[in-house]
Amino acid sequence: MSSATTTPASSLPIVADLHTHTSRSDGSCAPGEVVRAAAALGLSAVAITDHDTIAGLSPARLEAERLGLILVPGVELTVHWRGREFHLLAYGFREEDPGLNAMLDGLAQARVERLRTIVANLEHRHGVVVEFEAVRAGYPRAALGRGHLADHLVTQGVVASRRDAFDRFLGDDQLDLPRPSLDLEQAIHTVRQAGGFTALAHPPRDLDDSQWVQWRDLGMEAVETRWPAADRNTRVKMGRLARRLGFEIVAGSDFHHPGRAGRHVGAVGLGPGEWERLRDRLRSATIDASATVESIPAEFVPRAVSSRFVSSATANLDLN
Ligand code: AMP
Ligand code: FE
Ligand code: FE
Ligand code: ZN
């Protein structure tokens, strides 16, 4: 795939993109490509937040070290809360943590079984025969989903494109099976035990304060306040909510594929002051994460406004 950068940087002073996907989940760029795109834009930091896997972090880190920007360890966990699916971003954890890895291994296994069932249903309902192990072997390090099956159908010549695969087969109710997900509370705790912290990704509009307070009390520390599909009102609303309830803020492009307007690497992210705060939080998160942060040459790190921990209640939030 060509460069992950398809649009010039906006005039907003974005220095850190905290939400990106790679080919290790449902993105189309290799981890190193995403890091190169971030470096090309002059970002200070980028987080790789693949769905349910941290497999992209090692290759991304090699590239980040070579290019001199901070790789924030991340993952976007599929979670459920009272029967509803949410996406929970996690950052700054110890990547070797046994509890975290056991949780991710369980999810990976469940994704394999889900896709195995989808492949079986594809044959029963549409007469399309696919060898499941061939799909699996094609994406050995990925958190498997229907996107991989779609790509496999393209390479096998069964369909013309990914879109075609979804339109003809994979959008079928019997193939659009529920995604495996973690209990939200368990996910928050496991990430905390691994030294990291969590943030609700692209929060739905209908949540009320009592919901947020419950999650905060469970140990969720941050919220994604800006993402590509969020309009200005939503961004303002989420920024106020974070300030009112004492959440740290994260923001990112949710980059998946090159060529999507407004969703390129660095299209959405944190400004310098916001990144500075989060960097302090990451420094205090884990030895591993702080080692990553400290190894960055000074010229790539935004100048410190204040190294003190500032309570979210008084943070000067950038509402752009
Ligand atoms: P899954 O996690 O298995 O449900 O697959 C979700 C992924 O499939 C998404 O992240 C997209 O990459 C892809 N996808 C879902 N719906 C469509 C669609 N209608 N057209 C193209 N890709 C899709
Ligand atoms: Fe995705
Ligand atoms: Fe998401
Ligand atoms: Zn995402």
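Between Ala267 and Gly262, the shortest heavy-atom distance links the atoms CB-O, 3.4 Å. When all heavy atoms are compared, the tightest approach of Arg61 to Pro73 is NH2-CG, 4.2 Å. Residue Ala251 comes nearest to Leu270 through the heavy atom pair N-CD2, 3.7 Å, listed as atom of the first residue, atom of the second, then distance. Heavy atoms only, all atoms of each residue included: Val75 and Asp50 are closest at CG2-O, 3.4 Å. Between Ala242 and Ile249, the shortest heavy-atom distance links the atoms CB-CG2, 3.5 Å. The two residues Phe166 and Gly147 make their nearest non-hydrogen contact at CZ-N, 4.1 Å.
Note: Trp215 and Phe247 fail the aromatic proximity criterion, with ring centroids not under 6.0 Å apart. Checked against a 6.0 Å centroid threshold, the rings of His19 and His21 count as neighbours.
A chain of hydrophobic side-chain contacts below 4.5 Å, direct or via other Ile, Leu, Val, Met, Phe, Trp or Tyr residues, connects Phe86 to Met103. Cluster annotation: Leu218 is connected to Phe93 through the hydrophobic network of ILVMFWY side chains, with a link wherever side-chain heavy atoms come within less than 4.5 Å. Both Leu177 and Leu153 sit in one connected hydrophobic cluster of ILVMFWY residues. Membership requires side-chain heavy atoms under 4.5 Å apart, directly or through other members. The hydrophobic clustering, which links ILVMFWY residues whose side-chain heavy atoms are closer than 4.5 Å, places Leu88 and Leu57 together. Follow the hydrophobic side-chain contacts under 4.5 Å out from Val191 and you reach Val223 in the same cluster.
Considering only residues two or more places apart in sequence or on other chains, His148 meets the ring-ring contact (aromatic ring centres under 6.0 Å, His included) condition with Tyr139. The side chain to side chain donor-acceptor pair (under 3.5 Å) check on Thr53 picks up nothing, with sequence neighbours excluded.
A tilted orientation is assigned to the rings of His51 and His256, their planes being inclined by 30° to 60°. Ring orientation note: the planes of Tyr91 and Phe197 are tilted relative to one another, at an angle of 30° to 60°.
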Side chain to side chain donor-acceptor pair (under 3.5 Å) assessment of His87 paired with Glu76: CA-CA 6 Å; His87 287 179; Glu76 184 173 12; 3.0 Å; yes
Stepwise salt bridge (Lys or Arg N to Asp or Glu O under 4.0 Å) test for Asp280 and Arg283: CA-CA 5 Å; Asp280 286 347; Arg283 275 214 189 89; 3.1 Å; yes
Working for side-chain contact (heavy atoms from CB on, under 4.5 Å), residues Arg116 and Glu133: CA-CA 9 Å; Arg116 198 191 297 281; Glu133 290 307 328; 3.5 Å; yes
Working for side-chain contact (heavy atoms from CB on, under 4.5 Å), residues Thr49 and Val72: CA-CA 9 Å; Thr49 54; Val72 177; over 6 Å; no
Pair Leu89-Leu18, side-chain contact (heavy atoms from CB on, under 4.5 Å): steps then yes or no: CA-CA 9 Å; Leu89 293 160; Leu18 272 300; over 6 Å; no
Glu274 and Arg226: CA distance, side-chain angles, deciding distance, salt bridge (Lys or Arg N to Asp or Glu O under 4.0 Å) verdict: CA-CA 12 Å; Glu274 296 169 333; Arg226 300 187 297 273; 2.7 Å; yes
Criterion side-chain contact (heavy atoms from CB on, under 4.5 Å) on Thr22 and Phe255, from CA distance to verdict: CA-CA 8 Å; Thr22 79; Phe255 171 76; over 6 Å; no
Intermediate values then yes/no, salt bridge (Lys or Arg N to Asp or Glu O under 4.0 Å), Arg136 and Glu131: CA-CA 9 Å; Arg136 198 175 173 180; Glu131 194 197 333; over 6 Å; no
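Residues Thr78 and Glu85 have side chains in contact (heavy-atom distance under 4.5 Å, counting atoms from C-beta outward). Side-chain contact between Pro204 and Arg84: present, with at least one pair of heavy atoms (C-beta onward) separated by less than 4.5 Å. Looking only at side-chain heavy atoms (C-beta outward), Arg235 and Arg232 stay at 4.5 Å or farther from each other. Taking the side chain as every heavy atom from C-beta outward, Val158 and Phe169 approach each other to under 4.5 Å. A heavy-atom distance below 4.5 Å is not found between the side chains of Pro31 and Ser58. Side-chain contact check for Pro59 versus Arg24: some heavy-atom pair is nearer than 4.5 Å. Inter-residue side-chain proximity for Ile70 and Val46 is flagged as unmet; no heavy-atom pair is nearer than 4.5 Å. With a 4.5 Å cut-off on side-chain heavy atoms, Asp183 and Val79 do not count as touching.
Remark: Ser181 OG to Arg111 CZ distance equals 10.5 Å, nearest 0.5 Å. Atom-to-atom distance recorded for Gln211:CD and Leu200:CG is 9.5 Å, nearest 0.5 angstrom. The structure places CG of Leu67 at 11.0 Å from CG of Leu62, a figure rounded to the nearest 0.5 Å. Summarising the geometry, atom CD1 belonging to Ile48 is positioned 3.5 Å from atom OG1 belonging to Thr20; distances are rounded to the nearest 0.5 Å. Note that CZ of Arg168 is 14.5 Å distant from CZ of Arg163, once rounded to the nearest 0.5 Å. To the nearest 0.5 Å, the span separating CZ on Arg216 from CE on Met220 amounts to 11.5 Å.
With 3.5 Å as the limit, one finds no donor-acceptor pair spanning the side chains of Asp26 and His257.
Counting only distance, with no hydrogens or angles, the side chain of Ser253 and the backbone of Asp17 share no donor-acceptor pair below 3.5 Å. Of the possible polar contacts, one joining the Arg114 side chain to the Pro178 backbone as a donor-acceptor pair under 3.5 Å is found. Judged by distance alone, the side chain of Asp176 and the main-chain N or O of Asp172 form no donor-acceptor pair under 3.5 Å. For Asn121 (side chain) and Leu175 (main-chain N/O), no donor-acceptor pair under 3.5 Å exists by modelled atom type. Side-chain N or O atoms of Asp52 include none that pairs as donor or acceptor with a backbone N or O of Leu107 at under 3.5 Å. In terms of modelled atom types and a separation under 3.5 Å, the side chain of Glu224 and the main chain of His202 share a donor-acceptor contact. Between the side chain of Arg162 and the backbone N or O of Ala150 there is no donor-acceptor pair closer than 3.5 Å. In this structure, the side chain of Glu123 does not engage the main chain of Ala120 through any donor-acceptor pair within 3.5 Å.
A salt bridge links Asp231 and Arg205; the closest N-O separation between the charged side-chain nitrogens and carboxylate oxygens is under 4.0 Å. Checked for salt-bridge contact, Arg66 and Glu63 meet the test: a charged N lies under 4.0 Å from a carboxylate O.
Among Glu221, Glu276, Glu248, the single residue meeting the salt bridge (charged side-chain N to carboxylate O under 4.0 Å, His left out) criterion with Arg281 is Glu221. Between Thr198 and the options Ile188, Leu184, Thr190, a side-chain contact (heavy atoms from CB on, under 4.5 Å) holds for only Ile188. The side-chain contact (heavy atoms from CB on, under 4.5 Å) test with Trp227 is passed by exactly one of Asp254, Thr234, Val250: Thr234.
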